[in-house]
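To start, the structure under review is shown below, and the notes come after it.
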Amino acid sequence: MSTDPTHLRALADECVDLVSRQFGHRLDWSPESLSTLDGVCADLIADGPPAEERLDLWWRLIGAYTGEVVVRAYAVEWVAHERSPGAPAVSALGVTGFPFGLAARVLDGEPYKSLASFARALPAIAERATSD
């Protein structure tokens, strides 16, 4: 998948539209909206994992939206990273985040994984990294 910001924004826009149409929730690009998206993810996997094609679609949309929220909130950028071949990462405040990896884990139902926590934790992680 490309690190082209225009392509990733388009995927994120598609996430906003699909969440609105299918779940009736409004995503407003704020870090707080990721709590809403966490709820959507819980609904998506409530009856077991989605079919592979649907899972891949939601993985792309949720990863792009989560990353784009961080990009907008912290004025960071999309980057390629060797730890995440095929899926862009975000370079945020001197640290690298992996929104697509997190989206996969959330959609897999991994306990204690949260899109909202990812966005809230980045500034604290960055602060700790710069103070060491």
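Below 30°, between 30° and 60°, or above 60°: for His81 and Phe98 the angle between ring planes is above 60°, a perpendicular geometry. Ring geometry for Trp58 against Phe23 counts as perpendicular: the plane angle is over 60°, on a 0 to 90° scale with 30° as the lower cut.
For the pair Lys113/Phe118, no side-chain contact is recorded, criterion being any heavy-atom separation below 4.5 Å from C-beta on. By the 4.5 Å heavy-atom criterion applied to side chains, Val16 and Trp29 are counted as neighbours. Between Leu44 and Ile62 there is a side-chain heavy-atom pair separated by less than 4.5 Å. Using a 4.5 Å heavy-atom cutoff, the side chains of Cys15 and Leu37 are in contact. In this structure, the side chains of Leu34 and Arg120 stay at 4.5 Å or more apart for every pair of heavy atoms. Side-chain atoms of Ser33 and Asp28, non-hydrogen and from C-beta on, do get closer than 4.5 Å to each other.
Shown are Val79, Thr3, Asp4; of these, the side chain to side chain contact (heavy atoms under 4.5 Å, CB included) with Pro88 is made only by Thr3. Looking at Leu122, Val70, Val69 one by one, the single match for side chain to side chain contact (heavy atoms under 4.5 Å, CB included) with Pro31 turns out to be Val69.
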If you apply the rule side chain to side chain contact (heavy atoms under 4.5 Å, CB included), what do you find for Leu115 with Val106, and how did you get there?
CA-CA 8 Å; Leu115 305 168; Val106 168; 4.1 Å; yes
Can Glu77 and Val90 be said to form a side chain to side chain contact (heavy atoms under 4.5 Å, CB included), step by step?
CA-CA 6 Å; Glu77 63 186 350; Val90 289; over 6 Å; no
Show, in sequence, the C-alpha distance, side-chain angles and deciding distance for Asp108 and Trp59, and conclude whether the side chain to side chain contact (heavy atoms under 4.5 Å, CB included) test is met.
CA-CA 10 Å; Asp108 198 33; Trp59 168 76; over 6 Å; no
Trace of the side chain to side chain contact (heavy atoms under 4.5 Å, CB included) decision for Thr6 with Arg9
CA-CA 5 Å; Thr6 303; Arg9 274 192 296 274; 3.7 Å; yes
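A donor-acceptor contact shorter than 3.5 Å is absent between the side chain of Tyr65 and the backbone of Glu14. Of the possible donor and acceptor atoms, none in the side chain of Trp78 sits under 3.5 Å from a partner among the backbone N and O of Leu8.
A 6.0 Å sphere centred on CD of Glu110 holds more than 12 heavy atoms belonging to other residues, nucleotides or ligands. Within 6.0 Å of the CG atom in Asp47, the count of heavy atoms belonging to other residues, nucleotides or ligands does not exceed 12.
For the residue pair Ser117/Tyr112, the side-chain donor-acceptor check at 3.5 Å is not satisfied.
Arg60 has a carboxylate O that lies under 4.0 Å from a charged side-chain N of Asp56, or vice versa, which qualifies the two as a salt bridge.
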